[in-house]
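Accompanying notes for the structure given below.
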There are 2 protein chains.
Amino acid sequence: MVKAKKDESAEEKILAAARKVFISKGLAGARMQDIADEAGINKALLHYYFRNKEKLFEVIFLESAQKLFPKINFIFDSDLPLFEKIETFTAEYISIILESPYVPLFVVNEINRDPDMFFDKMVKSGFPKPHKLLAQVEEEIKKGNIKRIHPLHLLMNMISMCIFPFMAKPMLSKRLHINDSQFRQLMEERKKEVARFVIDAIKK
Amino acid sequence: MVKAKKDESAEEKILAAARKVFISKGLAGARMQDIADEAGINKALLHYYFRNKEKLFEVIFLESAQKLFPKINFIFDSDLPLFEKIETFTAEYISIILESPYVPLFVVNEINRDPDMFFDKMVKSGFPKPHKLLAQVEEEIKKGNIKRIHPLHLLMNMISMCIFPFMAKPMLSKRLHINDSQFRQLMEERKKEVARFVIDAIKK
DNA sequence: GTCTATAACTCGATAGAC
DNA sequence: GTCTATCGAGTTATAGAC
């Protein structure tokens with residue numbers, strides 16, 4: 001009974017607790033008892049509402065993956081010019097992650113643990129299709145507006161620079177003595193910093 | 001009894017097996033039985049040599065973290081000019097990871113799970129000190145040789161672009177139908193690609 | 001050093017009262 | 001719907017023979 005609010009339904013309390021526990025410990029590391037304690041109820045109720053641990057986990061994983069991915073899609077497929085698309089992407093994507101900074105590591109982990117589960121459940125429901133962005137990059141190269149670069153490398157570069165720092169936070173904190181508010185400020189800076197970096201790297 | 005060689009000592013067989021199992025499943029997901037099977041011996045021997053699961057895990061984690069980190073140190077502290085240092089770093093670092101592509105996710109995970117353990121055990125034994133590289137970047141900015149950039153962002157950018165694609169491999173594979181040898185070739189390309197990208201982003 | 005057998009314990013799941 | 005009590009499978013760890 002750590003943070004459950006009286007006016008939440010049991011189901012909402014369970015979901016909030018499961019979110020917290022699964023995201024920080026993963027499927028194998030999480031205990032149903034931990035989730036019950038966090039929700040301020042008992043284990044039996046977890047099974048009453050969600051039948052078993054795997055089913056509860058799947059709800060949390062899918063909502064997390066959907067929080068992380070579909071908005072990217074929207075930006076990738078928009079009709080913005082390339083440089084504006086890059087600026088929009090870095091700003092929006094880092095904003096999304098700042099709201100749930102532990103989600104990326106959780107999602108990446110579970111996708112590595114079971115890539116097929118991920119494929120089956122996610123791909124149909126809005127997993128980003130970068131094809132339009134990749135084609136747009138090709139186009140700009142052909143027109144001679146930007147330097148030659150394999151579009152896939154460009155995409156990997158942008159995504160890596162947005163996501164990875166959140167996974168490496170403990171190393172930054174420990175090694176360079178950066179506290180939580182300093183870290184948040186660094187990530188706020190990165191919204192523009194990464195876009196500028198990418199654009200400087202490809203513009204002629 | 002999957003791949004154990006007759007001429008390895010039991011201890012070596014156990015370490016090789018533990019490496020494989022812990023790195024792919026993490027501490028919580030790994031079973032002592034899995035490790036025993038992989039080593040071709042029985043569970044009791046694991047305890048005979050390493051006393052318990054946590055102690056065996058710690059050996060694997062520390063050797064993995066040391067494989068991932070200390071060579072960077074060497075490059076960071078070298079006397080190379082900045083652009084050569086960037087080229088050396090991306091090439092060497094991606095080479096290291098190509099030899100053990102699952103190590104980065106494993107290490108990042110376990111550091112997030114228990115940051116203090118990591119700090120106690122690793123920092124004293126050669127965890128990278130980027131201070132010299134950061135100072136060198138400051139210096140080049142002051143001399144007017146490169147564009148203004150917060151050195152820490154530059155460092156995060158380089159490391160992110162080298163490491164993150166390995167963690168995201170299953171997504172690349174599933175979404176863009178990239179097989180193992182294509183992936184390896186992409187990462188080989190990145191050795192020069194990332195260096196070029198970084199240098200283009202900061203050179204005047 | 002290496003094995004078999006089993007003790008001790010953890011944890012997901014269920015039965016059944018209220 | 002929610003709880004207490006408990007079962008039973010799976011796991012780590014140890015005892016003891018060889």
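Being a predicted model, the structure only gives us computed values, none of them experimental. To find a chain, count down the sequence lines: A is the first, B the second, and so on, and within it residues start at 1.
D/dG10 atom P lies 12 Å from atom CD of B/Q33, rounded to whole Å. When rounded to the nearest whole Å, the span between CG of A/L27 and P of C/dG12 equals 9 Å. One interatomic measurement links the two molecules: OH of B/Y49 to P of D/dA13, which rounds to 18 Å at whole-angstrom precision. When the C1' atom of C/dT10 is taken as reference, atom NZ of B/K53 falls 12 Å away, rounded to whole Å. The interatomic distance linking A/I35 (CD1) with C/dA13 (C1') rounds to 14 Å, in whole Å. Rounded to whole angstrom, the span from the CZ atom of A/F57 across to the P atom of C/dG12 amounts to 13 Å. Between B/L46 atom CG and D/dT14 atom P there is a gap of 13 Å when expressed in whole angstrom units. Between B/M32 atom CE and D/dT14 atom C1' the separation is 12 Å, expressed in whole Å.
For B/Y48 and D/dT14, the shortest distance from a side-chain N or O to OP1 or OP2 is not below 4.0 Å. Here A/H47 reaches the OP1 or OP2 of C/dA13: one of its side-chain N or O atoms lies under 4.0 Å away. For B/R31 and D/dT12, the shortest distance from a side-chain N or O to OP1 or OP2 is below 4.0 Å.
Residue B/E188 is tested with B/Q185, B/K191, B/K192 for a side chain to side chain donor-acceptor pair (under 3.5 Å); the sole match is B/K191. The only option from B/K20, B/R19, B/Q33 that meets the side chain to side chain donor-acceptor pair (under 3.5 Å) definition with B/E38 turns out to be B/K20.
If you check every strand for non-hydrogen atoms under 4.0 Å, A/A30 touches sugar and phosphate atoms only.
When ring centroids are compared, A/Y93 and A/F89 come within the 6.0 Å threshold. For A/F166 and A/F183, the gap between ring centers is short of 6.0 Å.
By the 30° and 60° cut-offs, the orientation of the rings of A/F57 relative to A/F61 is parallel.
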Distances under 3.5 Å only, N/O to N/O: pair up the protein atoms with those of nucleotides 3-9 of chain C.
from  : atom 1 : to    : atom 2 : distance (Å)
C/dC3 : O5'    : B/N42 : ND2    : 3.4

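Distance alone, capped at 3.5 Å, places no donor-acceptor pair between the A/S100 side chain and the A/V103 backbone. Judged purely by atom type and a 3.5 angstrom limit, A/R190 uses its side chain to pair as donor or acceptor with the backbone of A/M161.
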